[in-house]
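First up is the structure itself, then whatever we jot down about it.
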Protein chains: 2
Amino acid sequence: MRITTRDPNNVKTSLTAAKYSHSLTFMPSLNDVAELSGYSIATVSRVINGSDKVTASTRESVEKAMKSLGYLPSRVARRLRQKGGLRHLLGVILPNIQNPFNAEIARGIEDIAYANRFAVILCNSDDKYEKEKFYLDVMRAESVDGVILPPNQESAAAVLEVIETGMPVVLVDRAIRGVQVDTVEVDNVIGAKAATDHLIQLGHTRIAMIAGPDSISNSRQRKRGFEKAFKNANLPIDPELVRTGDYTQDTGRKLAADLLDLPSRPTAIFASNNFMALGALAAIHKRNLRIPEDVALIGFDDLPWAETLDPPLSVIRQPAYEVGQTAAQLLLDRLSNPELPISKLRLSPELILRKSC
Amino acid sequence: MRITTRDPNNVKTSLTAAKYSHSLTFMPSLNDVAELSGYSIATVSRVINGSDKVTASTRESVEKAMKSLGYLPSRVARRLRQKGGLRHLLGVILPNIQNPFNAEIARGIEDIAYANRFAVILCNSDDKYEKEKFYLDVMRAESVDGVILPPNQESAAAVLEVIETGMPVVLVDRAIRGVQVDTVEVDNVIGAKAATDHLIQLGHTRIAMIAGPDSISNSRQRKRGFEKAFKNANLPIDPELVRTGDYTQDTGRKLAADLLDLPSRPTAIFASNNFMALGALAAIHKRNLRIPEDVALIGFDDLPWAETLDPPLSVIRQPAYEVGQTAAQLLLDRLSNPELPISKLRLSPELILRKSC
DNA sequence: TTGAAAGCGCTAACAA
DNA sequence: TTGTTAGCGCTTTCAA
């Protein structure tokens with residue numbers, strides 16, 4: 001059933017439309033306030049910036065003038081002039097805000113930003129170099145206070161360049177090796193090892209991994225954790241059972257399908273991120289296989305609705321919100337004190353057992 | 001099981017740290033390029049802006065100078081100066097990016113923005129007036145080209161004020177009555193009616209609705225659609241079965257629980273948004289009720305993983321990505337031609353039947 | 001085709 | 001305590 005009400009004719013003309021054409025956005029300036037209040041722009045500026053070198057009565061009349069004009073200081077002009085000070089603007093570049101993991105990070109960042117009266121320019125890169133480069137240039141051109149992003153192999157050089165210019169950068173979720181820059185990661189090796197350990201303890205030996213791209217540091221780390229668990233248990237890895245996807249639901253589904261159609265199929269699957277786990281789940285369902293009896297499944301990244309999936313999905317939970325908060329706080333700390341030593345933080349993941357393994 | 005590796009001591013000092021303290025972000029300016037190339041800043045500016053009044057040879061040497069300096073024009077200075085032109089910056093204020101519905105809208109907006117070389121300041125308001133107001137001020141102070149947001153009852157006045165200043169605004173998902181401003185909505189009445197109709201056709205008469213807050217236009221519209229379906233079918237609404245939540249998973253769970261614990265419980269539940277549907281799902285599961293045999297469930301808003309829920313959730317799907325795209329395109333059109341008539345668009349929702357009803 | 005100079009809205013140094 | 005002024009990086013007349 002499809003209901004169609006989209007109505008291209010439902011377009012009305014109005015008086016308001018005419019207004020737009022004449023009114024360039026009206027913004028009173030310092031000058032306007034100065035004129036109205038009878039003081040100089042310097043004094044008005046002092047009032048705005050809460051200088052204590054203004055008489056109470058002066059402050060009062062200036063503030064009255066500001067209010068009556070609806071004056072709002074231009075962040076643009078301020079940013080242009082004030083070279084040393086804070087611009088109260090952060091740049092954040094994430095692969096895709098539609099991934100709940102990224103949304104959580106973004107939210108963590110923004111909550112800290114808001115608490116400190118910072119606004120955030122948020123961009124989606126899809127891990128595409130072209131977009132990353134464009135947005136990195138935007139950040140410089142907007143002269144934001146600093147940038148938070150998860151680098152990948154391809155973008156690393158561009159990120160390094162930005163760091164060279166002196167722009168504070170905080171890496172989240174992914175790292176660049178051998179570079180001294182503030183970084184907030186999750187311990188992916190330990191997380192992946194914990195997931196695999198659990199599968200092994202359950203008696204599985206034919207365990208498949210749907211891994212992420214090698215160009216992403218956390219993906220390599222998760223692979224390492226997987227291998228570590230096997231080595232620890234003195235178990236051999238069947239290379240046929242390790243597949244590399246691209247962190248999308250689609251490859252998760254396809255690779256799980258391939259795995260499931262193997263002559264001797266795995267009894268357990270570890271999916272290296274949330275989307276691929278969801279894809280694997282769909283593929284298993286499609287084959288009417290029981291979870292965990294026929295195939296056990298565990299994913300990396302929690303989902304707010306993992307509890308309500310069929311079956312409730314066991315996962316390695318990343319503290320994504322905290323990652324975002326920590327990164328933002330690190331950046332703000334760096335801004336207020338550039339001499340701070342570099343921090344490389346690694347937050348802990350958590351094994352959450354539900355019903356899928 | 002909890003693995004803890006957070007290591008506050010894993011903090012290293014380095015040469016890079018020292019660098020920060022001295023290097024104020026280095027940004028070559030027009031002046032630097034002018035000096036290096038031997039031309040005036042005016043000429044350099046012309047080269048940047050692709051003026052045709054420059055000799056090929058001049059352009060060439062200026063471009064060489066720009067490249068060798070890694071020059072990037074400051075969007076800030078440009079914005080300050082150029083009163084008429086485009087700033088290539090959009091403001092977007094959404095309630096919460098962690099809601100996949102909002103994430104989809106945001107993505108739709110950004111894809112159009114990126115295609116036109118615009119960057120986006122994205123903010124979460126939590127539908128809190130204080131945050132909305134702060135971010136609205138930020139948009140003005142940053143002199144963005146325009147703002148996209150879903151208004152609510154409380155913020156409407158502030159939004160109107162912004163519109164008064166001449167700043168282009170596009171409303172998404174929610175409308176303000178009696179105001180001529182570009183708006184992209186979804187037909188909530190028809191959507192909610194379709195959901196309720198379907199439940200009625202299935203033979204249900206005790207149908208509960210978990211509605212959203214009355215302060216949000218789409219919530220009121222969905223209630224209207226629900227009532228319309230009842231009236232159409234000549235069925236009475238049991239007021240006890242209509243509960244008002246706040247669009248969060250938590251109230252969805254609580255209100256569903258109340259409903260389910262009623263002496264004569266409803267046989268079907270219509271949840272007015274995605275989060276409340278998820279909450280209701282959890283509440284039903286907790287009581288070990290079968291879906292749809294004991295209680296049928298339908299939600300508003302699709303979820304990328306609705307298929308994999310237990311059971312796969314039937315929903316009214318909103319074309320959220322298209323809503324975002326359309327809004328952004330509307331805004332860009334308005335920027336390039338302010339005389340354009342006001343558009344009030346209403347996109348179509350879609351009934352997607354899966355297994356929950 | 002190029003350059004000189006004014007000025008966008010603001011901060012900050014200096015003077016009064 | 002207040003005002004004058006220079007200048008942030010750029011665009012845009014106006015002259016040359």
Side-chain angles (χ1 to χ4, degrees), chain A residues 24-63 65-66 69-89 137 140-144 165, chain B residues 24-63 65-66 69-89 137 140-144 165:
Chain A
L24 301 164
T25 313
F26 172 64
M27 279 286 263
S29 73
L30 255 197
N31 236 309
D32 299 321
V33 179
E35 243 163 54
L36 182 63
S37 67
Y39 287 92
S40 73
I41 57 166
T43 299
V44 177
S45 175
R46 286 188 191 102
V47 171
I48 292 166
N49 294 294
S51 158
D52 47 0
K53 295 184 172 346
V54 211
T55 335
S57 77
T58 305
R59 151 158 291 122
E60 205 172 321
S61 42
V62 168
E63 274 170 351
M66 297 198 321
L69 285 171
Y71 171 74
L72 211 55
S74 160
R75 289 167 75 113
V76 178
R78 200 181 275 201
R79 205 139 84 237
L80 184 60
R81 182 57 232 248
Q82 187 185 50
K83 283 287 88 170
L86 255 31
R87 292 115 222 259
H88 287 268
L89 189 60
D137 282 352
R140 286 223 289 147
E142 289 288 349
S143 52
V144 300
T165 72
Chain B
L24 302 164
T25 313
F26 172 64
M27 279 284 265
S29 73
L30 256 197
N31 236 311
D32 299 321
V33 179
E35 242 163 55
L36 183 63
S37 67
Y39 287 92
S40 72
I41 57 166
T43 299
V44 176
S45 173
R46 288 188 189 102
V47 170
I48 290 165
N49 294 294
S51 158
D52 46 0
K53 296 186 173 342
V54 209
T55 333
S57 76
T58 305
R59 152 158 292 123
E60 205 174 320
S61 41
V62 168
E63 273 171 351
M66 297 197 323
L69 285 172
Y71 171 74
L72 212 55
S74 161
R75 292 167 72 113
V76 179
R78 199 180 276 200
R79 206 140 81 237
L80 183 61
R81 182 56 229 251
Q82 185 186 51
K83 283 287 87 170
L86 255 34
R87 292 111 222 260
H88 287 267
L89 190 61
D137 282 351
R140 287 223 291 146
E142 288 288 350
S143 52
V144 299
T165 71

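Quick caveat: nothing in here was measured; it's all calculated off a predicted structure. Order of the sequence lines sets the chain letters (A, B, ...), proteins ahead of strands, with each chain counted from 1.
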Using the closest heavy atom to pick a nucleotide of DNA chain C for each, name whichever of B:D52 or B:R81 lands nearer the 5' end.
B:D52

Take the protein atom CG of A:L80 and the nucleotide atom C1' of C:dC8, then report the distance between them rounded to whole Å.
9 Å

With a 4.0 Å cutoff (strictly under), does any side-chain N or O of A:T58 reach OP1 or OP2 of D:dT1?
no

Provide, to the nearest angstrom, the distance between the CZ atom belonging to A:R87 and the C1' atom belonging to D:dC8.
11 Å

Taking atom P of D:dG9 as reference, at what distance in whole Å does atom OH of B:Y71 sit?
10 Å

Atom CE of B:M27 and atom C1' of D:dC8 are separated, to the nearest Å, by 12 Å

With no hydrogens and no angle check, is any side-chain donor or acceptor of B:S143 less than 3.5 Å from a backbone partner on B:R140?
no

Evaluate the criterion side chain to side chain contact (heavy atoms under 4.5 Å, CB included) for residue pair A:I48 and A:R78; output intermediate values, then yes/no.
CA-CA 12 Å; A:I48 292 166; A:R78 200 181 275 201; 3.2 Å; yes

Does a distance-only test, which skips hydrogens and angles, find a donor-acceptor pair under 3.5 Å between the side chain of B:R46 and the base of C:dG3?
yes

Using atom NZ of A:K53 as one end and atom P of C:dA16 as the other, report the distance to the nearest whole Å.
19 Å

Calculate the interatomic distance between A:L30 atom CG and D:dG3 atom C1'; express it in whole Å.
14 Å

Does A:R75 get its side chain close enough to the base of C:dG9, under 3.5 Å, for a donor-acceptor pair?
no

Taking the side chain from B:S51 and the backbone from B:K53, do they hold a donor-acceptor pair closer than 3.5 Å?
yes

Please report, rounded to the nearest Å, how far the P atom of C:dC10 is from the CG atom of A:N49.
10 Å

Give the residues of residues 34-43 of chain B touching DNA chain D, defined as any heavy atom closer than 4.0 Å, sorted by residue number.
B:I41, B:A42

Looking at the base of C:dG9, is there any donor atom on it, or on the side chain of A:R78, that sits under 3.5 Å from an acceptor on the other one?
no

Return the CD to CG distance between B:E35 and B:L30, rounded to the nearest 0.5 Å.
11.5 Å

Students often get this wrong, so: under 4.0 angstrom with heavy atoms, is B:S45 touching a base, only sugar-phosphate, or nothing?
base

Interatomic distance where CD belongs to A:Q82 and P belongs to C:dC8 [whole Å]
20 Å

Closest-nucleotide 5' rank along DNA chain C - winner of B:V54 and B:A77
B:V54

Going by side-chain contact (heavy atoms from CB on, under 4.5 Å), B:V76 matches just one of A:R79, A:R87, A:R81. Which one?
A:R79

Test A:E63 against every option in A:T58, A:V47, A:V33, A:V44 by the side-chain contact (heavy atoms from CB on, under 4.5 Å) rule and name the one that passes.
A:V47

From B:E142 CD over to A:H88 NE2, what is the distance, rounded to the nearest 0.5 angstrom?
11.0 Å

